[in-house]
Amino acid sequence: MSEIINIKNLDIKGLNELCSKLRKRIIQVVSHNGGHLSSNMGAVELIVAMHYVFDAQNDPFIFDVSHQSYAHKLLTGRWDEFESLRKFGGISGFTKPKESKFDYFIAGHSSTSISLAVGAAKAIKLKGENRIPVALIGDGSMSAGMVYEALNELGDRKYPCVIILNDNEMSISKPIGAISKYLSHIMAGEAYQKFKSGVEKLLTYMPDSAAYMARRAEESIRLITPGILFEELGLEYIGPVDGHDISELISTFTTAKSMKKPVIVHAQTIKGKGYEKAEGYYANWHGVGPFDIQSGESIKKNSDKKSATEIFSENLQILAAEHKDIVGVTAAMPTGTGMEALIEKYPHRFWDVAIAEQHAVSSMAAMAKEGFKPFVVVYSTFLQRAFDQILHDGAILNLNMTFAMDRAGIVGEDGETHQGVFDIAYLNLIPNLTLFAPRSQTNFMKVMEFAYKFKGISAFRYPRGAFIYEENEAKDLCYAKGEWLVKSQSDRAFIGYGNGVGKANLLIQKGLDANLVDLVFAKPLDSELLLELANKCKKWYIFSDSAKKGGIGEILAGFLQEHKILDVSITSFEYDDSFITHGETKLVEASLGLSLEDLEQKISKDN
């Protein structure tokens, strides 16, 4: 590991120079490796000031989502290692305690930081320690309900805690002219906080009438400042402050730390600060692949195939134009899921509800109840956050709605928190839910047409990149029916689900003799096809980009057990019972023993 950068003795000039150095390092590495750019560029001064005022050795530094933590990594002994950012075997793009003691908690999903800070504050109080949790959260994460659950308790219990609200889109508040800016400057100072504390003590001794007038005067001031929401929740509020002014941040954080209360520090920043092409709200600069620093142009890998996301978006636009009852929702991922085009074209039928997966599902359940056909479009990993809403609000009533799960399978460089490998397991156990998956670009439209016509709750999954399997024509889907794609005299059956069909087919193209079956439906299963297959083939090999536990292999093993079929063996090439690291997908698969070469070798030996 590199040396930890000690910034405590630097003056303001030195701190500003350090911020410039950090930004150059971030741009240099992200332009080669890809990663989260604009969020990290905008948070540099905030993180430097955090390290200057607080004790990173002892105070829990909690980063919400943690996609803005690159400066923190660089300051805490990972300067040289930063070259390996998001690479297989390298450092993570998110905070990760296994990587460094300075990373207090793992993160990757949003809106957990304040809950974690409350828990840490409780533990600190019970242990009688002189430490203070510091949470850095973006304004986008404030759209999730979990934040307010945590703030509700924090405002009641008053645990010492500093929450830095990084407002880079001004979605929470705008300063109201010069008066508000002046008041905010005053409110950020130690003198104002002492004055306010003194007034509160004085009010306890004043006659009721005088106290009433004083409180009304104070409330009048608060009404023209952005902090009224937090103040009403029982939290102290300071801001807005300039999130790129190191001197002001240090002064403000020092005041907040000394208050020994829960404090919200509202800092306004510019996303992408320091790299002009990324400055401002540009979704395409949030998470980027490799790019040329001078031109800003992305360096794309050679591929003439459309991604599954692009195909989904195009197909849904066709269906939505034909069927006026189709509506849709995504949760803060309009660009990533391909929903942006639909929201622009049909703003009254398609919505981005921000980081609120639970609300997305429940609101669409009501629309299904009202006769519409909702498509809930969410990454597989994020749909986990709405499990209860799927079960409680959708499945019990068997409402006519469908879940389109993008990023199913290994997603590469984002790692453990983002791998979309659990959806089959956590959805299969829910009664009424029908599960299926497309195998190819051509087949995808058939899947979506089926999803629209199907009456009841359903879900389909598709990969981050392009489909592997190619076909010119595809049949219409029939409920609970699979397809026997390649017939052979072999007693081996390759059973694929979704993009796994393509991987199995590649092995046949490499010379392995086997029957190829597309399961199509993981629930309900095609009993007729499977019984026929069990009669002919005694060795089943399962190909699905999903976890083994609760995955396709276990589902089929249960089928064989239920039908008392004892002479069929199952070998599953799904993912073992562990969290999957980050890195280029091919390298990750190879590390799991699931490269095409590995699979070919394993199957060839199994005679």
Side-chain angles (χ1 to χ4, degrees), residues 33-34 86 88 283-284 287-292 297-319 333-342 377 379-381 404-414 418-421 423 436-451 460-475 477 483 485-486 494 496-510 516 518-520 543-546 573 583-590 594-597 599-600:
N33 297 9
R86 290 163 46 90
F88 180 72
N284 58 309
V288 299
F291 65 95
D292 178 75
E297 295 294 321
S298 61
I299 302 170
K300 293 183 179 178
K301 295 177 182 177
N302 293 328
S303 176
D304 54 357
K305 286 187 176 182
K306 287 184 180 179
S307 71
T309 302
E310 291 174 303
I311 300 162
F312 169 80
S313 179
E314 291 171 3
N315 289 349
L316 191 56
Q317 289 178 65
I318 292 168
L319 290 171
M333 291 289 171
T335 304
T337 59
M339 286 285 281
E340 191 171 40
L342 287 126
V377 189
Y379 290 2
S380 167
T381 183
M405 296 176 290
D406 200 340
R407 305 296 201 270
I410 292 177
V411 298
E413 289 80 1
D414 284 337
H418 281 59
Q419 310 289 17
V421 301
D423 53 84
F436 48 105
R439 64 175 176 260
S440 69
Q441 176 172 343
T442 310
N443 170 253
F444 203 173
M445 179 52 111
K446 301 296 184 181
V447 163
M448 293 178 66
E449 288 172 348
F450 174 85
F460 58 86
R461 71 194 312 259
Y462 47 100
R464 179 178 189 175
F467 287 105
I468 301 171
Y469 192 75
E470 295 181 8
E471 56 187 336
N472 294 323
E473 294 183 12
K475 300 176 183 177
L477 266 65
E483 285 191 57
L485 299 173
V486 175
F494 289 177
Y497 184 65
N499 213 27
V501 175
K503 188 175 285 187
N505 189 57
L506 286 178
L507 290 169
I508 291 174
Q509 291 177 352
K510 285 171 74 71
L516 176 61
D518 178 7
L519 200 60
V520 184
F543 299 83
S544 175
D545 297 332
S546 51
F573 295 126
E584 186 181 350
T585 299
K586 285 185 178 179
L587 296 177
V588 172
E589 286 184 337
L594 296 175
S595 68
L596 276 181
E597 292 73 21
L599 298 179
E600 184 179 18

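Here the structure is a predicted model, which is why all the values come from computation and not from measurement. All values below come from the heavy atoms of this structure, side chains included, with hydrogens, waters and symmetry mates left out.
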Worksheet entry | With Y462, the ring-ring contact (aromatic ring centres under 6.0 Å, His included) member among F467, F444, Y379, Y497 | F444
Discussion item. I need the minimum non-hydrogen distance between T585 and V411, along with the two atoms involved.
Written reply: OG1-C, 4.2 Å
Item to complete: Evaluate the criterion side chain to side chain contact (heavy atoms under 4.5 Å, CB included) for residue pair L477 and V447; output intermediate values, then yes/no.
Response: CA-CA 7 Å; L477 266 65; V447 163; 3.9 Å; yes
Worksheet item: Under 4.5 Å between any side-chain heavy atoms of E470 and K305, yes or no?
Response: yes
Worksheet item: Do R86 and D414 touch side chain to side chain, with heavy atoms closer than 4.5 Å?
Response: yes
Discussion item. So, using salt bridge (charged side-chain N to carboxylate O under 4.0 Å, His left out) as the criterion, who are the partners of K586 when residues are at least two apart?
Written reply: none
Fill in: Shortest non-hydrogen contact from P463 toward A308
O-CB, 3.4 Å
Practice prompt. Check side chain to side chain contact (heavy atoms under 4.5 Å, CB included) between I318 and all other residues, then give those that pass, not counting sequence neighbours.
Written response: M445
Practice prompt. Name all residues meeting the ring-ring contact (aromatic ring centres under 6.0 Å, His included) criterion together with F494; count only those two or more places apart in sequence or in a different chain, and write none if there are none.
Written response: Y541, F543
Worksheet item: Who are the ring-ring contact (aromatic ring centres under 6.0 Å, His included) partners of F436, not counting sequence neighbours?
Response: F450, F460, F521
Worksheet item: How close do S313 and G338 get, heavy atom to heavy atom, and via which atoms?
Response: OG-O, 2.7 Å
Discussion item. Does any part of the side chain of D545, heavy atoms only, come nearer than 4.5 Å to the side chain of V421, both counted from C-beta?
Written reply: no
Item to complete: Could you tell me the separation between the NE2 atom of H418 and the OG atom of S380, rounded to the nearest 0.5 Å?
Response: 11.5 Å
Practice prompt. Please name all residues satisfying side chain to side chain contact (heavy atoms under 4.5 Å, CB included) with E600, sequence neighbours left out, ordered by chain then number.
Written response: L507, K510, L512, S604
Item to complete: Please list, chain by chain and in numerical order, all residues satisfying side chain to side chain contact (heavy atoms under 4.5 Å, CB included) with A408, sequence neighbours excluded.
Response: D423, R461
Item to complete: Could I get the full list of side chain to side chain contact (heavy atoms under 4.5 Å, CB included) partners for N33, not counting sequence neighbours?
Response: V29, L85, K87
Fill in: Nearest heavy atoms of Y469 and L485, plus distance in Å
OH-CD1, 3.9 Å
Discussion item. Can you confirm whether the side chains of D406 and T309 place a donor and an acceptor under 3.5 Å from each other?
Written reply: yes
Worksheet item: S546: what forms a side-chain hydrogen bond (donor to acceptor under 3.5 Å, both in side chains) with it, not counting sequence neighbours?
Response: S544, E574
Worksheet, complete the sentence: Here the gap from L342 atom CG to E314 atom CD, rounded to the nearest 0.5 Å, amounts to 11.0 Å
Practice prompt. Kindly write out the residues that satisfy side-chain hydrogen bond (donor to acceptor under 3.5 Å, both in side chains) with N505, not counting sequence neighbours, or none if the list is empty.
Written response: none
Discussion item. Which heavy atom of V588 sits nearest to which heavy atom of I410, and what is that distance?
Written reply: CG1-CD1, 3.9 Å
Worksheet item: Are the side chain of R407 and the backbone of G336 linked by a donor-acceptor contact shorter than 3.5 Å?
Response: yes
Item to complete: Please list, chain by chain and in numerical order, all residues satisfying side-chain hydrogen bond (donor to acceptor under 3.5 Å, both in side chains) with N443, sequence neighbours excluded.
Response: none
Discussion item. Enumerate the salt bridge (charged side-chain N to carboxylate O under 4.0 Å, His left out) contacts for residues 438-447, please, sequence neighbours excluded, ordered by first and then second residue.
Written reply: R439-E471, R439-E483, R439-D518, K446-D476
Worksheet item: Taking only residues two or more places apart in sequence, or in another chain, which ones meet E589 in a side-chain hydrogen bond (donor to acceptor under 3.5 Å, both in side chains)?
Response: K503
Worksheet item: Do M448 and L316 come within less than 4.5 Å of each other through their side chains, counting heavy atoms only?
Response: yes
Worksheet item: Do other residues, nucleotides or ligands put more than 12 heavy atoms under 6.0 Å from E473 CD?
Response: no
